[in-house]
Number of protein chains: 2
Amino acid sequence: MGNDSIQQSLKLFIVLSRAHRSMNDVVNKYIAKQGLNPTEFAVLELLYHKGEQPLQQIGGKILLASGSITYVVDKLEQKEFLERIACKNDRRVTFAKITEKGKTFIESIFPDHEKKIDDIMNVLTSEEKEMATELIKKIGYNALDQEQK
Amino acid sequence: MGNDSIQQSLKLFIVLSRAHRSMNDVVNKYIAKQGLNPTEFAVLELLYHKGEQPLQQIGGKILLASGSITYVVDKLEQKEFLERIACKNDRRVTFAKITEKGKTFIESIFPDHEKKIDDIMNVLTSEEKEMATELIKKIGYNALDQEQK
DNA sequence: TCAAAATATCTCGAATTCAAATTAATTATA
DNA sequence: TATAATTAATTTGAATTCGAGATATTTTGA
């Protein structure tokens, strides 16, 4: 009945939470082994794939508070994986740009990173992955809607 | 091909991550409105449903480092939602036990909390929820296995 | 055109989380 | 027993993350 439906929902909530945690633990463990924390990796990946970005936009894309960006970018700059570049037109803005050293680094770890994720997901058939993606997407969009309210 | 399969896996990974985030944002926002942080809520819920627990076991069940437990339990004790009780047999151990005030509090917010989750999940039919649960469970277990390696 | 208000961006300090060190108890063995 | 080694539990301090404030720019309207 209506009550069963709630129980189903709660169970799905818990299962999704646990899966996400386990999944992330695997990925983060590998990233940590490379000497990065998950946020640093996310920023570096973004700069590698999308090119140089204003700090502000980095925050928007990986959903990070602006204060955290300063800190993460500091770290990556110390490691010489990126450089800060002042914007000429707008003195409020600073760009972050991946360095050659950073590029080389990420290219050395990315294949294994993808393999880890594929190893996790390949417990499902191609059709199952398709279906899971669709169902979870619905949940995600609906949650976003609920958030507005 | 093999390459498509990887793309499928990566996509599923991202979709699951985003859904988890949106879902949690909804739930956490409600919890924050009640003056708790997510960890505090998790601890209180555990004590409410499972009875008094040694601090150590709280950490095990909600996957929290022992140092974090001390902090969270301090907070909840200040709010008078739980009390520390020394163990008689083993002087190393401290129990956390929910107080009447804590019980009353959680009973006042739990129905709405469950409703939020149900609202999110009910974008799926009962059959879809069943299927999503099974698929995600597989992913979660497999990730746990990968973690061992 | 200039001043005030609104907007955008970044950094600093507070809050949260975690890892390492500390303390206590148990077990093994001399 | 008594001592040392192992195991268990907690707290302290460091690392990370976030929210509020400081600074720079743009826009509005007098």
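Any value given below was found using the heavy atoms of this structure, including those in side chains, with hydrogens, waters and symmetry copies removed. Naming convention: chains lettered A, B, ... in sequence-line order (proteins, then strands); numbering from 1 in each chain.
Checking the phosphate oxygens (OP1, OP2) of C:dC18, a side-chain nitrogen or oxygen of B:S68 falls inside 4.0 Å. Taking side-chain N and O atoms only, A:T70 has no distance below 4.0 Å to OP1 or OP2 of C:dC10.
Side chains of A:Y141 and A:K137: a donor-acceptor N/O pair is absent below 3.5 angstrom, by distance only. Counted by atom type alone, B:E147 and A:S22 present zero donor-acceptor pairs between their side chains at under 3.5 Å. Under the 3.5 Å distance criterion, with hydrogens and angles disregarded, a donor-acceptor pair is assigned to the side chains of A:K129 and B:S9. For the 3.5 Å distance criterion, the side chains of A:K97 and A:Q53 fail to qualify, holding no donor opposite an acceptor.
Distance from the side chain of A:L64 is smallest for D:dC18 among the nucleotides C:dA20, D:dC18, C:dA15.
Of the residues in residues 42-59 of chain B, none has a non-hydrogen atom less than 4.0 angstrom from any atom of DNA chain C. Within residues 82-97 of chain B, the residues that have a heavy atom under 4.0 Å from DNA chain C are, in order of number, B:D90, B:R91, B:R92. A heavy atom closer than 4.0 Å to some atom of DNA chain C occurs in no member of residues 32-40 of chain A.
Linking ILVMFWY side-chain heavy atoms closer than 4.5 Å, directly or via other members, places A:I62 and A:F41 in a single hydrophobic cluster.
Two rings, from B:F110 and B:H49, have their centers less than 6.0 Å apart.
Rounded to whole angstrom, the span from the NZ atom of B:K61 across to the C1' atom of D:dA9 amounts to 16 Å. For the pair B:I31 CD1 and C:dT16 P, the computed distance is 14 Å after rounding to whole Å. The separation between B:D74 atom CG and D:dT11 atom C1' is 9 Å, rounded to whole Å. One interatomic measurement links the two molecules: CZ of A:R21 to C1' of C:dT17, which rounds to 11 Å at whole-angstrom precision. Taking atom NZ of residue A:K75 and atom P of nucleotide C:dT11, one finds them 16 Å apart after rounding to whole Å. Atom P of nucleotide C:dA15 and atom OH of B:Y71 are separated by 8 Å, given to the nearest angstrom.
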